[in-house]
S.K.: 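The structure's right below; bear with me while I get my questions together.
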Amino acid sequence: MADKDVLIDIFTRADLIMQSDIKFRKMIGAGQLQIVYYPVRGQEVVSAAMMAAVNQEDYLVTIYRGLHDQLAKGIPSKDLWAEFAGKMAGTCKGKGGPMHITHPETGVMVTTGIVGSGIPIANGLGLASQLEKDGKVTVCCFGDGASNIGAFHEGLNMAQIWKLPVIFLCQNNHYGEHTHMRDTTGSETIKQRGDGLGLRSVRVNGNDASEMYAAAKEAVEYARAGNGPTLIEAMTFRFHGHLLGDTSHYIPEEEMEQALKDDPMPILRQQLLDMQISETDIAAIEAKNAATIEEAAQFALDAPYPPGDEYRIDVLDVEIAA
Amino acid sequence: MADKDVLIDIFTRADLIMQSDIKFRKMIGAGQLQIVYYPVRGQEVVSAAMMAAVNQEDYLVTIYRGLHDQLAKGIPSKDLWAEFAGKMAGTCKGKGGPMHITHPETGVMVTTGIVGSGIPIANGLGLASQLEKDGKVTVCCFGDGASNIGAFHEGLNMAQIWKLPVIFLCQNNHYGEHTHMRDTTGSETIKQRGDGLGLRSVRVNGNDASEMYAAAKEAVEYARAGNGPTLIEAMTFRFHGHLLGDTSHYIPEEEMEQALKDDPMPILRQQLLDMQISETDIAAIEAKNAATIEEAAQFALDAPYPPGDEYRIDVLDVEIAA
Amino acid sequence: MSEKPAEIMFAQACNMAMNKAMADDDKVILLGEDIADEQGGGVFKVTAGLSAQYGTDRVRSTPISEQAIVGAAVGSALVGYRPVAEIMLMNFITVAMDQIVNHAAKLRFMSGGQTSVPLTIRTTTGAGTGLGGQHSDMLEAWLAHVPGLKVVAASNPADAYGLLYSSIMDDNPVIFIENTPTYFTKGPAPAPDHVVPLGKASIPREGTDVSLITYGRGVGASHAVAEKLASEGISCEVVDLRTIAPFDEETVLKSVAKTKAAVVVHEAVKNFGTGAEISSRIHEELFSELKAPVGRVGSGYAPVPFSPAIEKAWMFSEDDIEREIRKILG
Amino acid sequence: MSEKPAEIMFAQACNMAMNKAMADDDKVILLGEDIADEQGGGVFKVTAGLSAQYGTDRVRSTPISEQAIVGAAVGSALVGYRPVAEIMLMNFITVAMDQIVNHAAKLRFMSGGQTSVPLTIRTTTGAGTGLGGQHSDMLEAWLAHVPGLKVVAASNPADAYGLLYSSIMDDNPVIFIENTPTYFTKGPAPAPDHVVPLGKASIPREGTDVSLITYGRGVGASHAVAEKLASEGISCEVVDLRTIAPFDEETVLKSVAKTKAAVVVHEAVKNFGTGAEISSRIHEELFSELKAPVGRVGSGYAPVPFSPAIEKAWMFSEDDIEREIRKILG
Ligand SMILES: Cc1ncc(C[n+]2csc(CCOP(=O)(O)OP(=O)(O)O)c2C)c(N)n1
Ligand SMILES: Cc1ncc(C[n+]2csc(CCOP(=O)(O)OP(=O)(O)O)c2C)c(N)n1
Ligand SMILES: [Mg+2]
Ligand SMILES: [Mg+2]
């Protein structure tokens, strides 16, 4: 079991994620936000534990389903919410949107909407750190489905031969869009593929904060010591389908029931209680997160949209003529 | 040890390859042919044994370094030589050239110059056979270096989940262009990658006719029985560099010496002798091959070039206007 | 309401075309992510019901492996199949360009005509709905530049039906581009045997003052502008290319020879877009007859922006078309 | 012979530009297959000696993994490096288009300008030497159509030196296209501090009757034709774009405003090629001043054929340029 402070840290991040996800779904459902949203409910602990094991300066590359990673890595809620809402005050001036969050101050370098494409880019960040000798690691998140695409193979291999300080965090939620992993993946596990490529590979219950944190910590130390990359296959589940509106019709009822029973959030909360962290203290964390989210949501709704001709800025290093 | 008839068959194919390679290099060296040529000397037995284990109707997909595969599969020397020489009588009317040999009558469906790209296409042939239930297998040849590219990963995985009748023959000659495998490949072996992807994978001495033939035979039977693909990593070597003119400066002397000592051709010849096949019989095979090659080479030199405006034909199903 | 002729949605028309092709020819097979019914019949439900009807042998959900998807289509096409591969969104063809360009487009030629690749790649895209930079690009200009490929885009459900059927039955590799934002717009239902030949443009609206040469979503926008300008006495002819490459030069040149003015309209980025080729061809053939240089309308020089206001400012629009028409008509 | 000014080969000029960039800025790193000296310094030896000088940390031979190569360049560029990635031959960008188009070109924009991608992708290609369908394509039109990318091609060693240096030091992603068949042709050596700015065309030959707008290998061919026609009193101006996208409209339009006639010349397939955009822009701006429609020269509508006679017939040629000039000059 990870120690108290670590678990509190993880819980604090995970709860922010959970509450944010709930709020986003609510606001979208109510028509207050009109965006394509990839829910993260169920996967909170994976990224909370992972990001608790790295520093703010360390890099993150993630995907369209990235809210949990981005919040866990520390992007301020206001900036993130404003970007989701397409506002000028958003992390990317509203130009990127939810699928393309960048926030260098917290190390979030790329969020991609192309399955698997973050992996080769993460190597580039790792390569820079290796050359700089700056001691940073790069965390690269992607899904089980992404392990079927060529970039995964090329990227993991290059990281291994060059011993790049990159942690490949495969958040295995069993499904890629509507297709179960068993129908797309010739190997039993994703870890097996990492083994086949020669890199250090582990498979953990990503929904268990302590187990996930231990694996993350070990991978980070391994990378910082110059030993190279690790593939972490973190087993988890997503409770609200591929994107909001998806009814999860393709998930057998028993599977969903079991997954909900294994919901990592109440389990983690109970672990805190079991460690004698008081209900009051936990409630205080939750309340603080709730307040942060309320404020961020309101900020996002109130903030102005970017002007139309922003499209001519940031294409090249000079403004494009109208 | 494979039986006599099989070994004679393999030797007959391998000797044709060896003599063809020697002749091509000679003619190019003498300026009689001006083409980019990828020598196959050293890899004869791999493809001779593989193709001895399949039928003419079975499909082959191969690469720029494909002369050995194409001859072993049975493309008539005249047609092949004429294509290498860019003549209208060539397999592809001179439009494809050495890197792009197609000859459906002998099952040679694609020769690609793009590393790794034959793999996904081989799956398509396998898929057709699976749907047709025609009992055919597809042999897909590529090199060790090709195992680093995304298409390899995607292709092998798809073959496995769909149990396609495809044999992935990785001819591991230790080098991709001028780079040794150890500098590009995170795993010890290519077989390991196949294992990681969940498919039946074996590693054999491709230069040993019997061992190679046994592996080929087994893979073919496995595929025909509907069990799916096999990855065969066949260890071999290329004696004359990546392409003609390459001095192999990047190959350590001892490595080259050892490889030459292991030259599969004299070993196979000796095996025939050891099996009481007479020198006369062997010499007759060699003489027949030599005659075939002489005739093909002369034919290729004498045959007319295609007319310039052939470029408007075969682009689409209708001729393109001038 | 009961008077109205039967209408169907664009997505439905594509579904029906595939259904008919599969019924007519058992060599037609479908490959793509989530396309079978167990996975919901495609994220936009364009393939819904087809695996139930024809089985998952012929309608195959695939891994997220676009190179393998297109490769499997190329290989099976080489030996007599008519695969229809779905690349979920057009931006994802970037990972499969090798299979499309170096293989599908070239194997007929490089084999000296011994083999052919009668495959269809269906893909969808389109801006204006806030999907942002990596899910909205119109990349038809790339494919039009590749000898050996046909490129097709329909502007209405009936054409989609007739063109997709023709694409599948064509003996050349065809890229069939659908438009996500208009998937669920309706139009008159085609007759079951309705076929639209490839390579033939249509003239959905005749006019005398200017020809609007367009395709896909540009057709609706051009119609709207034509309607508006009609009230001012400006008569626009709308030419719907339907096949973008190789395009129907005869129909285009005939129209412009009549109107003596043209604007080419597309959603894709204007710079180096398909409009440039069409404009050049018109100038080359009809230079001395033109009232003014051919105008072009396309989207701006930027990735597709996420935020609605920027996306709108960036995107081709009816206003742009109108402005361009007024400019060249003086 | 001793009078002759120092000459260098094209390939050498590229080598020298990278050498200078690496010396000037230790954030310049090279990635590519076989590029380090242990592997021979590149298959065409363009990077020879650089790993000896700067170490294999900065000059890295890679696996055959073009997505990983470009991805590593993108990632390191995001945090301050100036990577130069070599894609051995241009046809192989087809496997890396996602990294180039969806990422390198878009990350500055999609991040709202927080990050930038100052990478250079060097690649080589060119027909006419019998490499056949998959090793000779000129695909610059694709890249020119992608907002956020610069596309550069040099026509002589000195420009190659000055342009490659500028490309590496540019803060935008640049595709630098080399030409294999002319790698070993010579030209005057540049001064060590010679820099050619991106976005600026040159006029290597002035003339009054017609402007030949071209780049890369088209420049030599255009010069040769200009030379030939000069004897007949036809005066050709040659405009070498050097940067294909975004191209120097000002110089092009100024030249054509003077000559009142233009032919655009490139090696790439003519249909939907870059020549269409340039031709369209000229028509749009100078329509009423032109003596005749802008001519275009490019290669034929076919994959690059292997056999020499077909390849020659297919390929753009000096004859084509001459014919086009005569056609428009009447
Ligand atoms: C190259 C590419 N192909 C297809 C898609 C469409 N797509 C978006 S998400 C997704 C599923 C990815 O599944 P997984 O990697 O398991 O991640 P998850 O969504 O489960 O988190 C697909 C197919 C894409 N974005 N990029
Ligand atoms: C996608 C791609 N990248 C690079 C090349 C250039 N190239 C041609 S052959 C080759 C080496 C391939 O090595 P391997 O797969 O081991 O096969 P071998 O040549 O040894 O038979 C390379 C890098 C290519 N043809 N295609
Ligand atoms: Mg998943
Ligand atoms: Mg090899």
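Just so it is clear, the values below take in all heavy atoms, side chains as well, and ignore hydrogens, waters and symmetry mates. Protein chains get the first letters and strands the later ones, always in sequence-line order, with residue 1 at the start of each.
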S.K.: Is C:M88 in contact with chain A via its backbone, its side chain, both, or neither, using a 4.5 Å heavy-atom distance?
M.R.: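 C:M88 touches chain A through side-chain heavy atoms alone.
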
S.K.: Between chain C and each of A:T184, A:I35, A:V36, A:D246, count heavy-atom pairs under 4.5 Å; write down the option with the most.
M.R.: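 Looking at each option in turn, the highest pair count goes to A:T184.
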
S.K.: Below 4.5 Å from any heavy atom of chain C, which atoms of A:I320 appear? Answer side chain, backbone, both or neither.
M.R.: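 For A:I320, the contact with chain C is made by the side chain alone.
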
S.K.: Just verifying a value: how many Å separate A:L316 CG and C:Y301 OH, rounded to the nearest 0.5 Å?
M.R.: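 Going from the CG atom of A:L316 to the OH atom of C:Y301 covers 4.5 Å.
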
S.K.: Could you give all pairs that pass the salt bridge (charged side-chain N to carboxylate O under 4.0 Å, His left out) test and reach residues 83-104 of chain C, with sequence neighbours left out?
M.R.: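 Listed once each, the pairs are C:E86-C:R122.
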
S.K.: Roughly how far apart are A:Y64 OH and C:H135 NE2, rounded to 0.5 Å?
M.R.: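 With rounding to 0.5 Å, OH (A:Y64) is 8.5 Å from NE2 (C:H135).
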
S.K.: Heavy atoms only: give me the nearest A:G308-C:A313 pair and the separation to one decimal.
M.R.: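 Between these two residues, the closest heavy atoms are O-CB, 3.4 Å.
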
S.K.: Determine whether A:D183 and C:Q39 make a side-chain contact, defined as any pair of heavy atoms from C-beta on separated by less than 4.5 Å.
M.R.: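 When only atoms from C-beta onward are counted, C:Q39 and A:D183 do touch, with a gap below 4.5 Å.
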
S.K.: Taking atom CD of A:E105 as the centre, does the number of heavy atoms from other residues, nucleotides or ligands within less than 6.0 Å exceed 12?
M.R.: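 Yes, the 6.0 Å shell around CD holds more than 12 heavy atoms from other groups.
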
S.K.: If you count every heavy atom of other residues, nucleotides or ligands that lies below 6.0 Å from C:E38 atom CD, does the total exceed 12?
M.R.: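 Open: at most 12 neighbouring heavy atoms sit under 6.0 Å from CD of C:E38.
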
S.K.: Please look at A:L243 and chain C and tell me whether the side chain, the backbone, both or neither of the residue comes under 4.5 angstrom of a heavy atom of that chain.
M.R.: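 The answer is neither part of A:L243.
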
S.K.: Taking side chain as everything from C-beta outward and backbone as N, CA, C, O, which of these in A:I313 sits under 4.5 Å from a heavy atom of chain C? Side chain, backbone, both or neither.
M.R.: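 The answer is neither part of A:I313.
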
S.K.: Quick one: which of A:H249, A:K93, A:H178 has the most heavy-atom pairs under 4.5 Å with chain C, could you say?
M.R.: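 Among A:H249, A:K93, A:H178, the one with the most close pairs to chain C is A:H178.
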
S.K.: So, taking the atom named CZ in C:F306 and the one named CE in A:M99, what distance separates them when rounded to the nearest 0.5 Å?
M.R.: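 Going from CZ on C:F306 over to CE on A:M99, the span is 8.5 Å.
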
S.K.: Can you confirm whether C:F92 sits close enough to A:V115 that some side-chain heavy atom of one is under 4.5 Å from a side-chain heavy atom of the other?
M.R.: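 Answer no - side chains too far apart.
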
S.K.: Enter the distance from C:W314:CH2 to A:E310:CD here, rounded to the nearest 0.5 Å.
M.R.: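 One finds 16.0 Å between CH2 of C:W314 and CD of A:E310.
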
S.K.: Apply side chain to side chain donor-acceptor pair (under 3.5 Å) to A:T112 and C:Q134, showing your working.
M.R.: CA-CA 8 Å; A:T112 184; C:Q134 293 180 336; 3.3 Å; yes

S.K.: Could you tell me which residues in residues 55-75 of chain C have at least one non-hydrogen atom under 4.5 Å from a non-hydrogen atom of chain A, sorted by residue number?
M.R.: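 Within residues 55-75 of chain C, the residues under 4.5 Å from chain A are C:T62, C:P63, C:I64, C:S65, C:E66.
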
S.K.: Go through the atoms of C:L89 and report whether side chain, backbone, both or neither lie under 4.5 Å from a heavy atom of chain A.
M.R.: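 Neither part.
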
S.K.: For A:P306 and C:S307, work out which heavy atoms get closest and say how close.
M.R.: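 Minimum heavy-atom contact is CD-OG, 3.4 Å.
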
S.K.: Taking all heavy atoms of A:Y305 and all of C:P308, pick out the closest pair and write down the distance.
M.R.: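 Scanning both residues completely, I find the closest heavy atoms to be CE2-CD, 4.1 Å.
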
S.K.: Is there a side-chain contact between C:I310 and A:K95, using heavy atoms and a 4.5 Å cut-off?
M.R.: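 SC-SC contact between C:I310 and A:K95 confirmed.
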
S.K.: Above 12 or not: heavy atoms from other molecules or residues under 6.0 Å from CD of A:E188?
M.R.: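 Incorrect, the count does not exceed 12.
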
